[in-house]
2 protein chains.
Amino acid sequence: MAEEKNNISKADFRFMNDALVDVYDHIMRIEEETLRKSTFRDISVKEIHLIHAITLHDHKTSTEVANELRLTKGTLTTNVKTLERKGYVKRINDEQDHRVTRLTLTNKGKLLYRAHDAFHRQIVKSFIKGMDGNEVKVIKCALINLEDFLSDITQ
Amino acid sequence: MAEEKNNISKADFRFMNDALVDVYDHIMRIEEETLRKSTFRDISVKEIHLIHAITLHDHKTSTEVANELRLTKGTLTTNVKTLERKGYVKRINDEQDHRVTRLTLTNKGKLLYRAHDAFHRQIVKSFIKGMDGNEVKVIKCALINLEDFLSDITQ
DNA sequence: TAAATTGGTTTGATGTTCAAACTAAATTAC
DNA sequence: GTAATTTAGTTTGAACATCAAACCAATTTA
């Protein structure tokens with residue numbers, strides 16, 4: 001009640017901090033378990049994040065994807081190689097520039113992408129469950145605050 | 001405006017999903033960089049999470065901490081060993097039960113714990129920056145929603 | 001007191017990552 | 001227009017985190 005703006009009670013801090021931390025761990029764990037029990041049991045969470053980065057339609061280059069995921073090019077090469085072996089990803093040789101290889105998902109890869117996306121949609125839906133437009137706005141605002149804060153640190 | 005309860009627009013989904021994902025990556029990255037530039041440059045993000053789990057005061061057993069972090073006992077043993085070598089953690093032999101070792105932070109470890117906690121406090125503060133008590137309640141509600149949803153999945 | 005359980009460590013293997021050396025293609029400079 | 005430089009991606013060798021399984025020692029149960 002007597003909460004001051006920009007000043008947060010110890011209890012609120014504890015709650016929000018723990019929630020933010022726990023939620024993330026929890027999501028990762030569920031992603032892992034869900035994958036294990038699905039048709040895609042040969043895929044790890046790290047691998048699905050690579051599949052997500054490759055996306056459905058834009059044929060990004062290896063370097064682009066590596067930068068996005070903040071992996072070295074060497075690491076990306078090996079990761080792509082195993083996903084190619086498992087049948088989720090295809091390399092395409094760029095016609096213009098023969099040095100670059102572009103990455104794309106196979107049908108199996110696209111299927112997995114969509115399943116993963118659906119799971120995330122559920123998460124977001126549950127996040128704002130029962131809220132009206134105004135309340136959703138508050139959540140969005142909080143996320144923008146946080147993104148701004150984080151960007152400021154790194155500038 | 002014409003937002004229906006429990007139904008989320010494609011744009012809102014995109015925004016929230018990306019924000020949730022990006023925010024987490026970003027926090028990890030900043031934690032890593034901050035550590036690199038600090039007095040604690042010999043500590044990784046994973047190590048700080050172990051230090052956080054050991055906490056300031058309760059002398060948890062190795063098994064307790066392992067379960068909390070969902071690591072095997074073997075993994076915990078090796079992780080604790082390096083943190084002990086680096087001077088952040090101490091083992092204590094339990095007087096009652098001579099099989100158990102309890103974990104505690106050295107002064108250096110406590111210092112790091114507090115620095116890390118302060119960083120998290122900043123994050124939470126920025127998250128609810130400029131919001132009144134009511135708006136904070138909305139955020140808390142969203143986090144509870146999410147936690148419930150995730151718990152339901154695993155039951 | 002013998003057998004089973006529990007807490008923790010050690011060991012050997014696997015997976016992820018990196019930095020650095022490398023190859024091939026494209027661009028720039030002379 | 002060739003030589004030097006840069007760029008895109010791969011390969012290689014090492015480091016680290018993790019796990020499962022075997023193990024040891026202390027405690028509990030039968």
Side-chain angles (χ1 to χ4, degrees), chain A residues 24-25 28-29 31-33 35-36 40-54 58-86 88-104, chain B residues 24-25 28-29 31-33 35-36 40-54 58-86 88-104:
Chain A
Y24 216 79
D25 274 16
M28 289 296 170
R29 222 163 56 239
E31 281 192 343
E32 188 74 52
E33 283 164 18
L35 283 167
R36 281 292 143 274
F40 308 110
R41 70 178 67 60
D42 61 339
I43 290 293
S44 72
V45 168
K46 300 208 170 181
E47 287 174 318
I48 203 142
H49 289 160
L50 172 49
I51 285 172
H52 184 256
I54 290 172
D58 15 296
H59 300 260
K60 299 180 192 168
T61 67
S62 286
T63 305
E64 279 167 354
V65 174
N67 289 340
E68 229 174 90
L69 296 177
R70 285 158 222 269
L71 297 173
T72 61
K73 296 179 295 170
T75 300
L76 199 80
T77 297
T78 59
N79 291 352
V80 165
K81 216 188 295 181
T82 69
L83 280 182
E84 206 176 14
R85 179 170 47 72
K86 291 180 183 174
Y88 292 90
V89 170
K90 255 190 323 227
R91 278 180 171 78
I92 308 175
N93 294 325
D94 190 297
E95 286 306 312
Q96 258 67 70
D97 186 335
H98 287 225
R99 290 169 307 177
V100 328
T101 53
R102 297 186 171 274
L103 302 176
T104 182
Chain B
Y24 215 80
D25 275 15
M28 289 295 170
R29 223 162 55 241
E31 282 193 342
E32 189 74 52
E33 284 165 17
L35 283 166
R36 284 290 144 276
F40 308 108
R41 68 178 68 59
D42 61 341
I43 291 293
S44 73
V45 168
K46 301 206 169 183
E47 288 174 318
I48 202 141
H49 289 160
L50 173 48
I51 285 172
H52 183 256
I54 291 173
D58 15 294
H59 301 261
K60 298 181 192 166
T61 67
S62 286
T63 305
E64 278 168 355
V65 173
N67 290 339
E68 228 174 272
L69 296 177
R70 282 155 223 271
L71 297 174
T72 62
K73 297 178 295 170
T75 301
L76 198 81
T77 297
T78 59
N79 292 353
V80 165
K81 216 189 296 181
T82 68
L83 281 182
E84 206 176 15
R85 180 169 46 70
K86 290 179 182 174
Y88 292 90
V89 170
K90 256 192 323 229
R91 274 182 174 78
I92 308 177
N93 293 325
D94 189 298
E95 287 305 312
Q96 257 67 69
D97 186 335
H98 287 225
R99 289 169 307 178
V100 328
T101 53
R102 298 185 171 275
L103 302 177
T104 182

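What you are looking at is a predicted structure, and each value in this text was computed from that prediction instead of being measured. Here is how names work: the chains are called A, B, and so on, in the same order as the sequence lines, proteins then strands, and each is numbered from 1.
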Subject >> For atom CG of A:L50 and atom C1' of C:dG15, their distance in whole Å >> reply: 15 Å

**OP:** Assign A:T75 to base, sugar-phosphate, or nothing according to its heavy-atom contacts below 4.0 angstrom with the strands shown.
**Re:** base

Subject >> Atom-to-atom span, CG of B:N93 to P of C:dG7 - whole angstrom >> reply: 16 Å

Subject >> Along DNA chain D, first and last positions that approach a heavy atom of chain A under 4.0 Å >> reply: D:dT7 to D:dT11

Original post:
Across the strands shown, which category fits B:R102 at heavy-atom distances under 4.0 angstrom: base, sugar-phosphate, nothing?
Top reply: nothing

**OP:** Quickly work out the A:I48 CD1 to C:dT16 P distance and round it to whole Å.
**Re:** 14 Å

Original post:
In terms of the nearest nucleotide of DNA chain D, which residue is placed more toward the 5' end: A:T101 or B:L71?
Top reply: A:T101

**OP:** For B:D94, report the nucleic acid contact type (base, sugar-phosphate, nothing); a contact means any heavy atom under 4.0 Å.
**Re:** nothing

**OP:** State the CG-CG distance between A:L103 and A:D58, to the nearest 0.5 angstrom.
**Re:** 11.0 Å

**OP:** Answer yes or no: is there a donor N or O on one side and an acceptor on the other, between the side chain of A:E47 and the main chain of A:S44, under 3.5 Å?
**Re:** yes

Original post:
Under 4.0 Å between a Lys/Arg side-chain N and an Asp/Glu carboxylate O for B:D42 and B:K86?
Top reply: no

Original post:
Reckon B:T77 has a side-chain N or O less than 4.0 Å from the OP1 or OP2 of C:dT9?
Top reply: yes

**OP:** Say whether, by atom type as modelled, one donor and one acceptor occur between the side chain of B:R36 and the main chain of B:R41 under 3.5 angstrom.
**Re:** yes

**OP:** Starting at NE2 of A:H52, measure out to CG of A:L69 and round the result to the nearest 0.5 Å.
**Re:** 10.5 Å

**OP:** Look at all strands and tell whether A:T82 reaches a base, only sugar-phosphate, or nothing, counting heavy atoms closer than 4.0 Å.
**Re:** nothing

**OP:** Classify the nucleic acid contact of B:S44 as base, sugar-phosphate or nothing, counting any heavy atom under 4.0 Å across all strands shown.
**Re:** nothing

Subject >> Rounded interatomic separation in angstrom, taking CG from B:N79 and P from C:dT10 >> reply: 13 Å

Original post:
A:D97 CG to C:dT27 P: how many Å, rounded?
Top reply: 6 Å

Subject >> Euclidean distance, B:R102 CZ relative to B:E95 CD, rounded to 0.5 Å >> reply: 11.0 Å

Original post:
Can you list the steps and then say if A:T104 with A:V89 is a side-chain contact (heavy atoms from CB on, under 4.5 Å)?
Top reply: CA-CA 6 Å; A:T104 182; A:V89 170; over 6 Å; no

**OP:** Select base, sugar-phosphate, or nothing to describe what A:Q96 touches, counting heavy atoms under 4.0 Å on all strands.
**Re:** sugar-phosphate

Subject >> Rounded interatomic separation in angstrom, taking NZ from B:K73 and P from C:dT6 >> reply: 10 Å

Subject >> B:E32 CD - C:dC18 P separation (whole Å) >> reply: 11 Å

**OP:** Look at the side-chain N and O atoms of B:T63 and state whether any lies under 4.0 Å from the OP1 or OP2 oxygen of C:dG7.
**Re:** no

Original post:
Salt bridge or not for A:R91 and A:E84, using N-O below 4.0 Å?
Top reply: yes

Original post:
At under 4.0 Å, does any side-chain N or O of A:T72 touch on OP1 or OP2 of C:dC18?
Top reply: yes

**OP:** Nearest-nucleotide wise, let me know which of A:R99 and A:L76 is further upstream toward the 5' end of DNA chain D.
**Re:** A:R99

